[in-house]
Number of protein chains: 2
Amino acid sequence: MTSTQLTRNQTLVLGALSQSEAPLSAYTILDKLRGEGFRAPLQVYRALEKLLEFGLVHRLESINAFVACAHPHQDCCSHGLTAFTICESCGKVTEFHDHVIEERLAGFARDRNFKPGKTTIEIRGHCDGCA
Amino acid sequence: MTSTQLTRNQTLVLGALSQSEAPLSAYTILDKLRGEGFRAPLQVYRALEKLLEFGLVHRLESINAFVACAHPHQDCCSHGLTAFTICESCGKVTEFHDHVIEERLAGFARDRNFKPGKTTIEIRGHCDGCA
DNA sequence: TAAGTTGCGTTATGCTATAACGTGTGCCAT
DNA sequence: ATGGCACACGTTATAGCATAACGCAACTTA
Ligand SMILES: [Zn+2]
Ligand SMILES: [Zn+2]
Ligand SMILES: [Zn+2]
Ligand SMILES: [Zn+2]
């Protein structure tokens, strides 16, 4: 695991995500960081781009939002598939890995000569507390 | 299976999607249907909303686009989870069902008292022909 | 020094989606 | 038939998400 030194903007964006209970949209992050001098969406998007690259942040495709990775320093699974549950009431996100699903999807792709890139698995619903 | 009579707008939107090789964004559909009198995004979005409801169309969350269902009249799996491969070169979409994955995800949700709603599984990559 | 790389800031623009309002039509219970 | 309702539709405006294009500054490498 290579520990990368984050820039100021990256640190601020990651901080905003880490402190939040729920996923944040880029524009919400922008608003939270206006006090720190942020003025434009690109400052957020550029930081997010790097943080995603470093594996410190995940993008939730189904809700156009971002979360800090729940276990950024864990090597196991760090390059594998990540799945999420997303509570539509409180925004709580749970991140998990499943090798059975991973292998099942890989097998399907192999069978069709499909070369898989990034895979999205997101379950929207309601968490225990919000049932 | 209840066969619903589609409105003119719904028929046009479904037609545009059915004829297309690749998924279409709402605005692309709009442009394709200007000749038929479409003027505004809402005409497309309202039709899509119903078509999604009828199970005739799927939304691909990871690319903000829509496809006609590959097997709209098939009862098996019609209420279950649908997964997609999406070719990032040619846009080809393949739709499939997998009960093992479905059960695996359901199990995970059960374990955490998470009540699952809509689930997204999308693999972006490159298809056989575009490898 | 010169060239390349990276991050940053700014302005402008484009793409995606919905709010809010009003119209018209068919249906049906009164 | 007439009032009320549900539903599709049309239009305008607005909200929300994301990137293009320019230029500057700092640092690295040759
Ligand atoms: Zn993670
Ligand atoms: Zn919740
Ligand atoms: Zn389908
Ligand atoms: Zn392809």
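In what follows, chains are A, B, ... by sequence order, proteins preceding strands, each numbered from 1. The analysis underlying the following values was restricted to heavy atoms, covering all of them including side chains, and did not include hydrogens, waters or symmetry mates. As the structure is a prediction and not an experimental result, all values here were calculated from the model.
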Under 3.5 Å, side chain of B/His97 to main-chain N/O of B/Leu81, donor-acceptor pair present? yes
Would a distance-only check, ignoring hydrogens and angles, find a side-chain to backbone donor-acceptor pair under 3.5 Å from B/Ser20 to B/Ala16?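 Side chain of B/Ser20 to backbone of B/Ala16: no pair is present.
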Hey, mind stepping through B/Glu122 and B/Ser62 against side-chain hydrogen bond (donor to acceptor under 3.5 Å, both in side chains) and telling me if it holds? CA-CA 7 Å; B/Glu122 297 174 15; B/Ser62 65; 2.4 Å; yes
Nearest-angstrom distance from the residue atom [atom1] of [X] to [atom2] of [N]:
{"X": "B/Leu6", "N": "D/dC7", "atom1": "CG", "atom2": "P", "result": "16 Å"}
{"X": "B/Leu52", "N": "C/dA17", "atom1": "CG", "atom2": "P", "result": "11 Å"}
{"X": "A/Leu42", "N": "D/dC17", "atom1": "CG", "atom2": "P", "result": "16 Å"}
{"X": "B/Phe66", "N": "C/dT16", "atom1": "CZ", "atom2": "C1'", "result": "9 Å"}
{"X": "B/Leu30", "N": "C/dT18", "atom1": "CG", "atom2": "P", "result": "15 Å"}
{"X": "A/Tyr45", "N": "D/dG16", "atom1": "OH", "atom2": "C1'", "result": "8 Å"}
{"X": "B/Ile29", "N": "C/dC15", "atom1": "CD1", "atom2": "C1'", "result": "14 Å"}
{"X": "A/Arg8", "N": "C/dT6", "atom1": "CZ", "atom2": "C1'", "result": "18 Å"}

A/Lys50 vs A/Gly37, nearer the 5' end of DNA chain C by closest nucleotide: A/Lys50
Result for 5'-nearest mapping on DNA chain C, choosing between A/Ala47 and A/Pro41, is A/Ala47
Has A/Tyr27 got its ring stacked on D/dC17, by the test of a centre gap below 5.5 Å and a plane angle below 30°? yes
Would you please indicate yes or no on a ring centroid separation below 6.0 angstrom for A/His58 and A/Phe84?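 Distance test on ring centres: under 6.0 Å, yes.
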Heavy atoms only, 4.0 Å cut-off, all strands: where does B/Arg46 land among base, sugar-phosphate and nothing? base
With rounding to the nearest 0.5 Å, note down the distance linking CG in A/Leu33 to CZ in A/Arg39. 13.0 Å
Please confirm whether the shortest side-chain N or O distance from [X] to OP1 or OP2 of [N] is below 4.0 Å.
{"X": "A/Thr7", "N": "C/dC8", "value": "yes"}
{"X": "B/Gln43", "N": "D/dG10", "value": "yes"}
{"X": "B/Arg59", "N": "C/dA17", "value": "yes"}
{"X": "B/Asn64", "N": "D/dA18", "value": "no"}

Given D/dG10, D/dC17, D/dT12, identify the nucleotide with an atom nearest to the side chain of B/Ala40. D/dT12
